[in-house]
Student: 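Have a look at this one before I ask anything.
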Amino acid sequence: MCLSVPAEVTKILPDDLAIVSIDSIRKEISIALIDDLAVGDYVLVHVGYALARIDPAEAEHTLQLLHELGSVGHGLQP
């Protein structure tokens, strides 16, 4: 199963790299697959690569759904 998560670009680095924030967790990723990214853009990240630019509202909605999914699992007993 492949899962990509939305992230906000917070800093553009040399050599097609960037720092992104995924729900306040910072990570260095490659942005070599996407042209003309800017700080504040949202991207889908999979295994350290930005795959696509996405709409900020879509990114926020997806992050909210992931939060809700995570909170459901806390109440389950093994």
Side-chain angles (χ1 to χ4, degrees):
M1 179 172 110
C2 296
L3 177 65
S4 60
V5 293
E8 181 181 8
V9 176
T10 59
K11 186 175 184 179
I12 303 292
L13 302 173
D15 300 323
D16 288 330
L17 297 173
I19 302 295
V20 295
S21 175
I22 303 170
D23 199 24
S24 301
I25 298 171
R26 294 185 178 269
K27 179 170 178 57
E28 184 177 302
I29 65 165
S30 171
I31 56 172
L33 301 175
I34 303 175
D35 292 329
D36 302 323
L37 276 180
V39 171
D41 284 343
Y42 280 84
V43 293
L44 283 177
V45 177
H46 178 67
V47 292
Y49 288 86
L51 301 178
R53 182 181 294 120
I54 61 172
D55 178 74
E58 179 183 350
E60 293 296 332
H61 180 71
T62 301
L63 288 170
Q64 181 61 38
L65 290 173
L66 290 172
H67 277 281
E68 290 174 18
L69 184 62
S71 67
V72 169
H74 290 289
L76 299 176
Q77 297 294 321

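Remember, predicted model here, so these are calculated numbers, not experimental data.
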Student: What residues, two or more places apart in sequence or in another chain, satisfy side chain to side chain contact (heavy atoms under 4.5 Å, CB included) together with Ala52?
Tutor: none

Student: Glu60: which residues meet the side chain to side chain contact (heavy atoms under 4.5 Å, CB included) condition with it, sequence neighbours left out?
Tutor: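 By the side chain to side chain contact (heavy atoms under 4.5 Å, CB included) rule, Glu60 matches Tyr42.
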
Student: Quick check against the 3.5 Å criterion: does His46 have a side-chain atom that pairs as donor or acceptor with the backbone of Leu3?
Tutor: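 A pair under 3.5 Å: yes.
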
Student: Would you say Leu17 and Val39 are hydrophobically clustered, going by side-chain heavy atoms of ILVMFWY under 4.5 Å?
Tutor: no

Student: Examine Leu37 and Ile29 and state if one hydrophobic cluster contains both, with Ile, Leu, Val, Met, Phe, Trp and Tyr joined whenever side-chain heavy atoms are less than 4.5 Å apart.
Tutor: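 Per the 4.5 Å side-chain linkage, Leu37 and Ile29 are co-clustered.
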
Student: For residues 27-45, pull every pair meeting salt bridge (Lys or Arg N to Asp or Glu O under 4.0 Å), keeping only residues two or more places apart or in separate chains.
Tutor: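 Matches after skipping sequence neighbours: Asp41-Arg53.
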
Student: Which heavy atom of Leu33 sits nearest to which heavy atom of Ala50, and what is that distance?
Tutor: CB-O, 3.7 Å

Student: Who are the side chain to side chain contact (heavy atoms under 4.5 Å, CB included) partners of Thr62, not counting sequence neighbours?
Tutor: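 In terms of side chain to side chain contact (heavy atoms under 4.5 Å, CB included), with neighbours along the sequence ignored, Thr62 is linked to Pro6, Glu58, Leu66.
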
Student: Identify, with sequence neighbours excluded, every residue that meets side-chain hydrogen bond (donor to acceptor under 3.5 Å, both in side chains) alongside His67.
Tutor: Asp23

Student: Per the side chain to side chain donor-acceptor pair (under 3.5 Å) rule, what does the pair list look like for residues 10-22, sequence neighbours excluded?
Tutor: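 As it turns out, the side chain to side chain donor-acceptor pair (under 3.5 Å) pairs with a partner in residues 10-22, which skip direct neighbours, are Thr10-Arg26.
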
Student: Going by the rule side chain to side chain contact (heavy atoms under 4.5 Å, CB included), which residues pair with Ala18 if we only count those two or more places apart in sequence or in a different chain?
Tutor: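 With neighbours one apart ignored, the set is Val9, Ile12, Ile31.
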
Student: Are Ile19 and Val45 joined in one hydrophobic group, where the rule is that I, L, V, M, F, W and Y side chains link up if heavy atoms are under 4.5 Å apart?
Tutor: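 No: no chain of side-chain contacts under 4.5 Å links Ile19 to Val45.
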
Student: Are Leu63 and Leu44 connected into the same hydrophobic cluster when the rule is that any two of I, L, V, M, F, W, Y join if their side-chain heavy atoms are below 4.5 Å apart?
Tutor: no

Student: Which ILVMFWY residues can you reach from Ile25 by hopping between side chains whose heavy atoms are under 4.5 Å apart?
Tutor: none

